[in-house]
Amino acid sequence: MIDRTGPFVSHSEIVVPPEQQAALERAFGARARLVDGHPGFLGLELLKDLRGEGRYVLLTRWRARADFVAYMRAAITRARSPTAIGTIP
C-alpha cells in the first residue's frame with residue numbers, strides 16, 4: 001500500500017540539445033522560486049545525467065502528495081487566469 005501522507009517526490013525528464021544545456025542550467029539557477037513558498041514544498045533539484053547527452057531529471061520534494069496536488073491545481077488555475085503572465089492561448 002502506498003503511504004499518501006508521507007514524503008512525495010515528483011520527477012520529470014528533460015532532454016535538451018547540447019548547445020542549449022548551459023542556458024538551461026543558468027535558467028534553473030536564476031529561477032523565480034515561485035514554488036518555494038507553497039505549503040509542503042521541500043526542495044527542487046536539476047540533475048544532469050552524465051551517461052546521456054542532454055538528459056536532465058527535475059526532482060521536486062513535497063511533505064505529502066496532497067501538497068503537490070494542491071500546488072499543481074493552483075498552477076493550472078494561475079495559467080488559465082486572464083491576468084497571468086505568459087497566459088497560454
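On a predicted model such as this, the values are computed, not experimentally measured, just so you know.
- Identified under the salt bridge (Lys or Arg N to Asp or Glu O under 4.0 Å) test for residues 24-36, with sequence neighbours left out: Glu25-Lys48, Arg31-Asp36, Arg33-Asp36.
- No path of Ile, Leu, Val, Met, Phe, Trp and Tyr side chains, each step under 4.5 Å between heavy atoms, connects Val9 with Phe41, placing them in separate hydrophobic clusters.
- Glu19 meets the side-chain hydrogen bond (donor to acceptor under 3.5 Å, both in side chains) test with no other residue; sequence neighbours excluded.
- Closest approach of Glu53 and Pro18 over heavy atoms only: OE2-CB, 3.9 Å.
- Relative orientation of the Phe8 and Phe68 rings is tilted, given thresholds of 30° and 60° on the angle between their planes.
- Here the CZ atom belonging to Phe28 is positioned 11.5 Å from the OH atom belonging to Tyr56, to the nearest 0.5 angstrom.
- With sequence neighbours left out, Arg63 forms a salt bridge (Lys or Arg N to Asp or Glu O under 4.0 Å) with Asp67.
- Under a hydrophobic-cluster definition in which Ile, Leu, Val, Met, Phe, Trp and Tyr are linked whenever side-chain heavy atoms come within less than 4.5 Å, directly or via other members, Leu42 and Leu59 are assigned to different clusters.
- For the pair Leu44/Leu58, a side-chain contact is recorded, criterion being any heavy-atom separation below 4.5 Å from C-beta on.
- The structure places CD1 of Ile14 at 10.0 Å from CG of Leu47, a figure rounded to the nearest 0.5 Å.
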